[in-house]
K.L.:
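Before I ask anything, here is the structure I am working with.
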Protein chains: 2
Amino acid sequence: MTVGPAVNESATNELARHEVTVSPVEKFREFLGTRGKRLTQERETIVREIFADHEHFDSDQIVSRLTQPRRDGGRVSRATVYRTLRELEKAGLIRKVARSNDREVYEHDYGYPQHDHFICEKCSQLVEFRNEEISSVLERVSAEHGFRMKGHRLEVHGICDACARPPVRRHRKLDMI
Amino acid sequence: MTVGPAVNESATNELARHEVTVSPVEKFREFLGTRGKRLTQERETIVREIFADHEHFDSDQIVSRLTQPRRDGGRVSRATVYRTLRELEKAGLIRKVARSNDREVYEHDYGYPQHDHFICEKCSQLVEFRNEEISSVLERVSAEHGFRMKGHRLEVHGICDACARPPVRRHRKLDMI
DNA sequence: CTCCCTGCAAATTTTTTGCAGAAAC
DNA sequence: GTTTCTGCAAAAAATTTGCAGGGAG
């Protein structure tokens with residue numbers, strides 16, 4: 001595995017957790033049920049690991065965390081992680097978020113309200129934000145094109161507030177006197 | 001190479017080509033120049049191949065087209081194609097467009113106006129559309145968050161008009177009489 | 001002339017798969 | 001009991017890299 005450029009920037013928790021009646025695990029069990037599939041220990045371990053926080057993650061991170069022996073839930077093989085991530089995506093529990101340069105990462109698609117992302121070109125930080133208007137505009141535009149919108153994926157690229165702020169001056173003119 | 005699920009659906013040409021003063025090749029030459037890099041025959045061949053039409057494409061497609069002997073421009077090695085695609089992305093000539101399930105594909109990011117995509121969940125077709133309002137809403141939302149927007153990437157998922165239309169009835173009731 | 005670039009082949013990285021035993025239902 | 005899983009190891013797919021010779025500026 002690679003430990004390349006970190007994919008660890010947290011998805012800033014501007015958004016409060018949604019009220020969800022069933023846990024991600026239950027939700028997954030339901031999905032599997034309708035397809036004659038089973039909720040195994042491995043699958044449950046993976047879902048718990050993924051939904052333990054609201055960070056973004058990629059396949060490799062989950063593989064390395066679950067592949068080595070662990071305190072609680074048992075370890076899970078690489079193949080199973082891949083197989084389960086695909087299922088979780090179909091189940092609508094997670095989805096991919098593309099990041100301009102870097103590779104793609106997953107994010108939770110259950111338990112949190114619909115939101116979009118700001119991606120800073122300087123520090124690569126990914127910030128979630130929520131705006132009602134965007135959806136309604138899209139809803140209308142879609143209708144105009146005879147398209148039945150189910151959802152959307154939006155990334156706004158640019159420079160975040162922190163990176164835009166000029167670096168702190170070391171010496172001010174006054175110091176020179 | 002893989003000939004998996006086609007990635008050939010055309011990017012419907014709803015959008016007219018922009019007036020561009022310099023060709024993609026020239027644009028690339030400029031970019032390379034500012035970095036002490038060179039516009040080689042291979043790089044030119046690749047750019048021409050890519051900008052010959054306005055279809056979306058992935059690395060593999062370009063590799064297979066340019067890797068075998070060709071009428072005009074000479075062949076280019078796999079490694080060079082990968083290396084050049086990366087440069088073209090940095091140069092802002094192409095960019096990645098994520099497609100829900102399938103893999104990512106590239107699209108032109110030069111010579112065509114800013115636009116977004118509808119992606120049909122049924123037929124996977126990718127349709128480009130253009131809407132002024134979206135940008136202005138994003139501009140405002142960004143400002144509210146202290147974010148300096150440079151651009152955005154948006155995909156609207158759902159069902160396209162064609163797929164939404166019910167299949168043609170074979171036998172109408174009258175036929176039964 | 002001097003670097004930058006290319007092709008090649010090998011190395012890496014990432015994801016998928018066949019199969020035998022294990023485990024849900 | 002069946003049928004669906006899992007882990008393993010190997011295979012396949014996708015991308016990157018070192019290096020020696022070739023070419024752009």
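Computation of the quantities below employed the complete heavy-atom set of this structure, encompassing side-chain atoms and omitting hydrogens, waters and symmetry-equivalent molecules. Each chain gets a letter, A, B and so on, in the order the sequences are listed, and its residues count up from 1.
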K.L.:
How is Arg83(A) classified with respect to the nucleic acid when contacts are heavy atoms under 4.0 Å: base, sugar-phosphate, or nothing?
P.N.:
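Base contact.
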K.L.:
Start with the C-alpha gap between Glu26(B) and Arg29(B), add the side-chain angles, then the distance that decides, and say whether salt bridge (charged side-chain N to carboxylate O under 4.0 Å, His left out) holds.
P.N.:
CA-CA 5 Å; Glu26(B) 278 318 306; Arg29(B) 189 203 302 283; 3.1 Å; yes
K.L.:
Just the rounded figure in Å: distance from P of dA14(D) to CD1 of Ile62(B).
P.N.:
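One finds 15 Å between P of dA14(D) and CD1 of Ile62(B), rounded.
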K.L.:
Check the distance between dA22(C)'s C1' and Glu42(A)'s CD and give it to me in whole angstrom.
P.N.:
9 Å
K.L.:
Could you tell me the separation between the CD1 atom of Ile46(B) and the P atom of dC5(C), rounded to a whole number of Å?
P.N.:
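Atom-to-atom, Ile46(B) to dC5(C), this comes out as 12 Å.
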K.L.:
Go through the steps to decide whether Phe118(B) and Cys160(B) satisfy the test side-chain contact (heavy atoms from CB on, under 4.5 Å), and finish with yes or no.
P.N.:
CA-CA 8 Å; Phe118(B) 286 123; Cys160(B) 74; over 6 Å; no
K.L.:
So, OP1 or OP2 of dC8(C): does either fall under 4.0 Å of a side-chain N or O from Ser77(B)?
P.N.:
no
K.L.:
Could you walk me through whether Val97(A) and Glu155(A) pass the side-chain contact (heavy atoms from CB on, under 4.5 Å) check?
P.N.:
CA-CA 9 Å; Val97(A) 189; Glu155(A) 295 161 18; 4.3 Å; yes
K.L.:
Tell me the interatomic distance from Leu39(B), atom CG, to dG25(D), atom P, rounded to whole angstroms.
P.N.:
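Those two atoms, CG and P, are 7 Å apart.
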K.L.:
Roughly how many Å is it from OH in Tyr82(A) to P in dA9(D), rounded to a whole number?
P.N.:
17 Å
K.L.:
Between Ser59(B) and Gln41(B), just flag the one whose closest nucleotide in DNA chain D comes earlier from the 5' side.
P.N.:
Ser59(B)
K.L.:
If you take atom types as modelled and just measure distance, does the side chain of Arg78(B) reach the base of dT15(D) with a donor-acceptor pair under 3.5 Å?
P.N.:
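For Arg78(B), whose side chain was compared with the base of dT15(D), there is no donor-acceptor pair (under 3.5 Å).
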K.L.:
In plain terms, say whether Glu104(A) and Arg153(A) are close enough for a salt bridge, that is, a side-chain N and a carboxylate O under 4.0 Å apart.
P.N.:
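Yes, Glu104(A) and Arg153(A) are salt-bridged.
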K.L.:
Give the minimum heavy-atom separation between Arg43(A) and Arg38(A), together with the two atoms involved.
P.N.:
NH1-O, 2.6 Å
K.L.:
NZ of Lys37(B) versus P of dG25(D): gap in Å, rounded?
P.N.:
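Those two atoms, NZ and P, are 14 Å apart.
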K.L.:
Rounded to the nearest Å, what distance is computed from the CZ atom of residue Arg38(A) to the C1' atom of nucleotide dA24(C)?
P.N.:
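Between C1' of dA24(C) and CZ of Arg38(A): 5 Å.
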K.L.:
Between dC8(C), dC5(D), dC5(C), which nucleotide has the shortest distance from any of its atoms to the side chain of Thr40(A)?
P.N.:
dC5(D)
K.L.:
With no angle test and no hydrogens, is the base of dC5(D) tied to the side chain of Arg43(A) by a donor-acceptor pair under 3.5 Å?
P.N.:
no
K.L.:
Specify the separation, in whole Å, of atom CG of Leu66(A) and atom C1' of dT6(D).
P.N.:
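Roughly 14 Å, once rounded to whole Å.
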K.L.:
Check every atom of dA14(D), dA24(C), dA9(C) against the side chain of Ala79(B) and return the nucleotide holding the closest atom.
P.N.:
dA9(C)
K.L.:
Could you tell me whether Glu87(B) and Lys90(B) make a salt bridge, using a distance below 4.0 angstrom between a side-chain N and a carboxylate O?
P.N.:
yes
K.L.:
Under a 4.5 Å side-chain heavy-atom rule over Ile, Leu, Val, Met, Phe, Trp and Tyr, are Val63(A) and Ile46(A) clustered together?
P.N.:
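Both belong to a single hydrophobic cluster.
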K.L.:
Which helical stems does DNA chain C take part in, if a stem means at least 3 consecutive Watson-Crick or G-U pairs with both distances below 3.5 Å?
P.N.:
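The stems are C:1-25 with D:1-25.
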